[in-house]
Amino acid sequence: MIPALFLARHAIGPDDAIAFQPRNASEQATFDRLRANGIVRGTAPGRFYFDLDAHYAAIERRRRLAVPIAIIVSVLIAWIATRFFRS
């Protein structure tokens, strides 16, 4: 929800930073995680923007981790399946 808010308001650069205050604990946790990952960056006190480059880099990191895991799990499932169907 937070990324959608920043993108809808076109807050994607330091010059476009918007005032933002999380409304509840869940939103605060998400906001803190985005800030820790460098995806949401602050300019002036209380003003933030969504760093698209950092966002895409985070997606790429997750993809690089997920693909080998998916391949290993697929091979393991295929190996297990062949063990059950051997004569």
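Within the 4.5 Å cutoff, the side chain of Phe20 has heavy atoms near those of the Leu5 side chain.
Residues passing the side-chain contact (heavy atoms from CB on, under 4.5 Å) test with Asn37 are Arg33, Ile39, sequence neighbours excluded. Listed by chain and residue number, Ala17, Ala19, Thr43, Ala44 satisfy the side-chain contact (heavy atoms from CB on, under 4.5 Å) test with Arg47 (two or more places apart in sequence, or in another chain). Scanning for side-chain contact (heavy atoms from CB on, under 4.5 Å) contacts around Pro3 gives Leu34, Phe50, with sequence neighbours left out.
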Can you give each donor-acceptor pair under 3.5 Å made by side-chain atoms of residues 54-61, sequence neighbours left out, with the distance rounded to 0.1 Å?
unit_1	atom_1	unit_2	atom_2	d
Glu60	OE1	Arg63	NE	3.3
Glu60	OE2	Arg63	NE	3.4
Glu60	OE2	Arg63	NH2	2.6

Check: residues 66-84 side-chain donor-acceptor pairs under 3.5 Å, at least two apart:
unit_1	atom_1	unit_2	atom_2	d
Ser74	OG	Ala70	O	2.8
Thr82	OG1	Ala78	O	3.4
Thr82	OG1	Trp79	O	2.7

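Closest of all the heavy-atom pairs between Phe48 and Ala11 is O-CB, 4.2 Å.
Under the 4.5 Å side-chain contact rule for hydrophobic residues, Leu52 and Phe6 share a cluster. In the hydrophobic cluster analysis, where Ile, Leu, Val, Met, Phe, Trp and Tyr join through side-chain heavy atoms closer than 4.5 angstrom, Ile2 is grouped apart from Tyr49.
Sorted by first and then second residue, the side-chain hydrogen bond (donor to acceptor under 3.5 Å, both in side chains) pairs with a member in residues 6-26 read Arg23-Glu27; sequence neighbours excluded.
Note that CD1 of Ile12 and CG of Asp53 are 9.5 Å apart. Values are rounded to the nearest 0.5 Å.
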